[in-house]
Amino acid sequence: MAPAKISSTPIPVAARLNRFSYAIRNISVEAQRVEAAGRHVRYLNIGDPVAFGFKTPPHLIAAVERAMRDGHNGYGPSPGIASGREAVAEEYTSRGFPVTPDRTFLTAGTSEAIELALGALVDEDTEVLVPLPTYPLYTAVLAKLGARALFYRTDPGFGWMPDLGHLRSIVTPATRALVVIDPNNPTGASYSTATRRALLDFADRHGLAIIADEVYGDLAYDGRVAPIGILDPDAPIISFSSLSKAYLAPGWRAGWMGIGRSPRLNDAVKAIAKLADGRLCSSLPMQYAITAALTGDRAYQVSFRAALKERAAITTQLLNAIPGITSVAPVAAFYAMPKVALPRGRTDEDYVLALLRETGVLCVHGSGFGMAPQDGYMRIVFLASPQELRTIYGLMARFTGEYLK
């Protein structure tokens with residue numbers, strides 16, 4: 001006899017999940033409905049170069065294949081393999097930010113590095129300063145930890161530079177860290193040396209760790225961007241990067257963390273190592289690709305940067321030619337953050353969903369990155385071919401003309 005059911009009440013889920021939304025993925029649900037109805041969808045929501053025809057370098061693929069064939073398919077050291085950690089340390093050190101192998105960690109993409117670092121630094125009811133617009137993973141991780149994101153504005157009128165006055169006005173005694181995303185996702189900005197120095201000075205004045213998200217450092221159109229740590233190697237900086245963007249292997253989830261030499265971070269290094277032990281290791285064969293990426297040929301990045309620069313120019317020109325749309329020219333990565341002059345009562349999500357349903361063009365509403373819904377921002381990934389981008393912006397122009405009437 002089957003046991004009697006005691007209750008049909010749904011099992012509750014954590015209330016903290018209501019504190020964030022990952023719009024970059026969430027909006028794909030509506031795109032799938034549009035596709036099911038027979039419309040071709042052009043996905044400009046996720047920054048995956050491989051999905052747009054850019055190829056993972058052969059020597060990275062060879063390194064992973066060789067690792068698998070050589071039997072490196074079990075668990076690895078929790079911090080990562082020695083050759084990978086040495087390559088990461090040498091990469092940072094050669095670019096002016098001294099890091100030793102024992103202060104590096106190989107991670108499952110930058111996402112895990114962010115989670116490990118924040119997990120080591122924040123407690124419940126503490127705060128972290130995060131740029132606005134933001135990358136929503138930070139909000140998600142802080143919500144899971146029971147901490148709060150304090151959003152500091154960046155200014156589109158000045159190339160999306162951080163608003164230092166606003167930053168000073170919101171810091172509190174509960175603030176633990178300052179997140180700096182440079183080059184920036186979602187705006188495509190890269191910060192001036194003066195701005196970077198000001199951020200370091202601010203963090204020092206308030207006793208904050210600096211979380212330096214530097215994934216796009218190799219993708220500034222006019223050359224690589226140095227780590228922020230070059231300006232003060234003794235500052236308490238934790239830097240992240242990965243193979244996902246500049247090394248064209250996002251699906252491998254292979255990233256790293258470099259922790260500066262400041263003794264103020266010694267306890268953080270121990271805490272991160274403890275958390276890393278708890279998750280055993282990141283994918284072992286992919287760690288060998290990190291070694292290959294950082295010690296091998298990078299000539300392909302020159303052509304990749306040139307391709308991005310061309311696409312950024314097309315994006316800026318054609319978006320700004322649409323009445324009612326303005327867009328700041330990106331200088332790095334493959335994102336733009338245009339603004340639509342919305343009719344009263346409409347939101348950025350209203351516009352983005354209507355654009356999707358009418359044209360099949362999918363981008364992400366700015367409120368998914370923390371912006372006010374009525375401000376009309378959206379993020380566009382411009383990795384498609386130049387010809388495809390011209391078609392897309394033509395569709396957007398015709399749609400926007402009707403939408404704003």
Side-chain angles (χ1 to χ4, degrees), residues 46-95 97-120 137 141 213-219 238-259 268-301 304:
I46 295 179
D48 180 353
V50 175
F52 292 90
F54 294 97
K55 303 296 185 184
T56 306
H59 66 287
L60 271 62
I61 296 172
V64 173
E65 181 181 9
R66 185 165 54 251
M68 290 179 172
R69 293 189 183 281
D70 288 349
H72 299 297
N73 300 302
Y75 293 127
S78 293
I81 59 173
S83 65
R85 299 176 77 195
E86 289 162 3
V88 168
E90 174 57 26
E91 173 73 5
Y92 279 117
T93 302
S94 68
R95 294 175 73 169
F97 177 45
V99 172
T100 53
D102 63 324
R103 293 169 82 89
T104 67
F105 295 86
L106 307 188
T107 58
T110 296
S111 300
E112 188 190 41
I114 292 168
E115 190 151 0
L116 289 171
L118 291 177
L137 178 68
V141 172
D213 188 331
E214 301 182 305
V215 171
Y216 299 93
D218 289 320
L219 295 184
I238 301 175
S239 175
F240 313 128
S241 194
S242 79
L243 297 185
S244 295
K245 310 301 182 179
Y247 299 91
L248 303 172
W252 291 3
R253 312 310 301 133
W256 57 87
M257 179 192 321
I259 301 173
V269 173
K270 295 174 185 175
I272 291 168
K274 187 175 183 179
L275 290 171
D277 285 346
R279 61 52 153 144
L280 296 183
C281 65
S282 63
S283 174
L284 185 59
M286 305 312 175
Q287 294 182 30
Y288 288 85
I290 294 174
T291 308
L294 297 181
T295 61
D297 178 41
R298 299 189 215 184
Y300 62 92
Q301 289 184 348
F304 187 34

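The minimum heavy-atom distance linking Ser241 with Thr110 is given by the pair O-OG1, 3.2 Å. Between Ala120 and Ile272 the shortest heavy-atom distance is CB-CG1, 3.6 Å. Counting all heavy atoms, side chain and backbone alike, Pro77 lies closest to Cys281 at O-CB, 3.8 Å. Closest heavy-atom contact between Val215 and Ser242: CG1-OG, 4.1 Å. When all heavy atoms of Tyr300 and Ala246 are compared, the closest pair comes out as CE1-O, 3.5 Å. The minimum heavy-atom distance linking Met286 with Trp252 is given by the pair CG-O, 3.6 Å.
To the nearest 0.5 angstrom, Asp213 atom CG is 5.0 Å from Ile114 atom CD1. The structure places CG of Leu219 at 6.5 Å from CD of Gln301, a figure rounded to the nearest 0.5 Å.
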Could you list the donor-acceptor pairs under 3.5 angstrom formed by side chains in residues 86-93, with sequence neighbours left out?
unit_1, atom_1, unit_2, atom_2, d
Glu91, OE1, Arg298, NH2, 2.6
Glu91, OE2, Arg95, NH1, 3.0
Glu91, OE2, Arg224, NH2, 2.9
Glu91, OE2, Arg298, NH1, 3.1
Tyr92, OH, Ser239, O, 3.3
Tyr92, OH, Ser239, OG, 2.8
Thr93, OG1, Ala89, O, 2.8
Thr93, OG1, Val99, N, 3.1
Thr93, OG1, Val99, O, 3.1

For residues 47-64, tabulate all N or O donor-acceptor pairs below 3.5 Å that involve a side-chain atom, not counting sequence neighbours.
unit_1, atom_1, unit_2, atom_2, d
Asp48, OD1, Val50, N, 3.0
Asp48, OD1, Ala51, N, 3.4
Thr56, OG1, Leu248, O, 2.6
His59, NE2, Asp297, O, 3.3

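Within the 4.5 Å cutoff, side-chain heavy atoms of Arg279 are placed close to those of Ser78. Between Gln287 and Thr291, the closest side-chain pair of non-hydrogen atoms is not below 4.5 Å. Thr104 is not listed as a side-chain neighbour of Pro79, based on a closest heavy-atom distance of 4.5 Å or more.
Looking at residues two or more places apart in sequence or on another chain, you find a side-chain contact (heavy atoms from CB on, under 4.5 Å) between Asp102 and Thr100. Leu280 is linked by a side-chain contact (heavy atoms from CB on, under 4.5 Å) to Tyr75, counting only residues two or more places apart in sequence or in another chain. Considering only residues two or more places apart in sequence or on other chains, Tyr288 meets the ring-ring contact (aromatic ring centres under 6.0 Å, His included) condition with His72. Contacts of Ala273 classified as side-chain contact (heavy atoms from CB on, under 4.5 Å), with partners at least two apart in sequence or in another chain: Phe105.
Here the options are Ser244, Ser282, Ser283, the test is side chain to side chain donor-acceptor pair (under 3.5 Å), and the partner is Arg253; only Ser244 passes.
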message: Could you walk me through whether Asp218 and Tyr247 satisfy the side-chain contact (heavy atoms from CB on, under 4.5 Å) test, starting with their C-alpha distance in whole Å, then the side-chain angles of each, then the deciding distance to 0.1 Å, before giving a yes or no?
response: CA-CA 9 Å; Asp218 289 320; Tyr247 299 91; 3.2 Å; yes

